[in-house]
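These notes concern the structure reproduced below.
Indexing begins at 1, ligand by ligand and atom by atom, following the structure's order.
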Amino acid sequence: MADRSFLTWPFFEDGHRAFAEEIATWADDNVGPLVDHHDIDKSCQSIVAALGASGWLKAAAPLGAGESHDVRTLCLARETLAYHTGLADFAFAMQGLGSGPVVLAGTPEQRAKYLPGVADGTAIPAFALSEEDAGSDVAAMATTAEPDGNDHVRLNGAKTWISNGGIADWYVVFARSGEAPGARGLSAYLVEAGTPGFEVAERIDVIAPHPLATLEFDGCRVPIENRIGGGGDGFKVAMATLDIFRSTVGAAALGFARRALDEGLARARSRQIFGAPLADLQLTQAGLADMATGVDAAALLIYRSAWTKDQGAARVTREASMAKMFATETAQTVIDRAVQIFGGLGVKSGVKVEELYREIRALRIYEGATEVQKVVIARELVKAAEAADAAAAAR
Ligand code: COS
């Protein structure tokens with residue numbers, strides 16, 4: 001049983017505490033039978049449908065006019081679902097990330113048309129930002145959006161590492177629309193599956209399987225009313241979305257780490273070695289102490305970031321990057337230690353810690369690799385110091 005004492009922290013309101021308990025019970029009762037490791041697409045579709053039917057996706061795609069995400073709720077959902085099953089976390093997270101640009105910058109018409117399906121689990125969205133040569137360096141993207149008459153654009157190029165690629169009903173595609181060089185010349189467009197000129201070119205297999213694909217656009221004609229935000233706003237829309245979802249990636253890592261700690265602790269208490277439980281050995285104790293401390297430190301950074309955003313902060317770029325970087329790196333170490341406690345059994349297929357070992361790896365890469373988070377954090381520090389100097393000079 002996971003330690004739930006963090007729910008007493010002052011970052012949370014009673015509604016969050018109730019949400020966390022209810023979704024944990026729901027996951028216990030419902031997620032297992034929905035996962036078929038031989039049919040990942042069907043598993044994701046079933047999980048999305050079940051999450052939607054039970055109302056959990058309202059947090060991923062808030063519908064009210066002007067309403068935005070409650071980041072603590074997103075983090076609690078991801079942490080809890082990841083604790084149970086990586087694929088359930090993935091399905092929930094992608095409903096949020098894929099629809100995030102519409103929630104944050106969509107017109108009332110776009111919100112009314114696209115969000116209800118996401119919230120009730122009958123539509124699956126995707127977030128198509130990365131390209132083969134533009135992952136960390138978003139502004140280097142080469143996919144273009146060129147005007148076609150006054151009211152359409154044509155998309156040309158390819159996107160890769162796109163989660164939900166192949167099963168999504170619609171995609172938010174970022175492309176170079178040319179208002180300015182670099183980051184200021186990108187726009188975001190809603191592209192529905194089946195639009196002529198758009199195809200899923202290749203499905204990609206990874207160590208913790210989930211729907212993932214390369215997409216191609218060949219003269220794909222999209223109405224300008226499908227643009228999310230203004231022309232040239234695409235980079236900011238993407239970054240504002242990532243400001244919210246990076247903390248939640250940290251939360252997913254936290255869920256994996258908590259599970260690894262619980263699995264490791266149970267194993268250390270039950271496994272007899274040299275005539276006593278493994279947990280009696282001081283080296284095991286040192287490992288468990290480091291694991292538990294890392295878990296709590298990660299949780300503090302995640303819920304600090306989420307709470308700050310929920311208090312109305314316009315930007316939580318630094319806090320979210322710290323939370324994502326620390327929680328994913330820490331979870332990798334915690335899970336590795338749990339595998340070590342299990343010994344040979346820890347690398348056996350079908351054993352939970354082996355699954356966690358595969359699940360955690362991609363989180364240190366996607367939505368901004370650890371190295372990019374360091375760049376972002378340092379830039380925010382320098383910016384803040386420069387602003388403080390300028391304010392002092394103006395006094
Ligand atoms: N929220 C809102 N606006 C933001 C922002 C944020 N978090 N971050 C940057 N912006 C704005 C900047 O303020 C700037 O606006 P102005 O033109 O008004 O000054 C504009 O966006 C350009 O920002 P910047 O100059 O920092 O752009 P760079 O190309 O230098 O950004 C990094 C470089 C590395 C920070 C960026 O490309 C990044 O975060 N990369 C990682 C992307 C990622 O996570 N990829 C994984 C794929 S997503 S699954």
Legend entry - Centroid-centroid distance, Y171 to F198, less than 6.0 Å: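 Between F198 and Y171, which both carry aromatic rings, the centre distance is below 6.0 Å.
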Flag, side chain of [X] to backbone of [Y], donor-acceptor distance under 3.5 Å:
{"X": "Q110", "Y": "T107", "result": "yes"}
{"X": "D70", "Y": "T73", "result": "yes"}
{"X": "T328", "Y": "M325", "result": "yes"}

Inset, instruction - Would you please write out the protein residues whose heavy atoms approach any atom of ligand 1 to under 4.0 angstrom, listed by chain and number? - result: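 Those residues closer than 4.0 Å to ligand 1 by some heavy atom are L129, S130, G135, S136, V138, A139, A183, R184, F235, K236, M239, A240, L242, D243, R246, R315, T317, E367, G368, V372, V376, R379.
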Legend entry - For the student: nearest non-hydrogen atoms of C220 and T195, plus distance: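 Looking at all heavy atoms of both residues, the closest pair is SG-CG2, 3.7 Å.
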Inset, instruction - Kindly assign one of parallel, tilted or perpendicular to the pair F6 and Y303, based on the angle between their ring planes and the thresholds 30° and 60°. - result: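 Because their plane-to-plane angle is under 30°, the rings of F6 and Y303 count as parallel.
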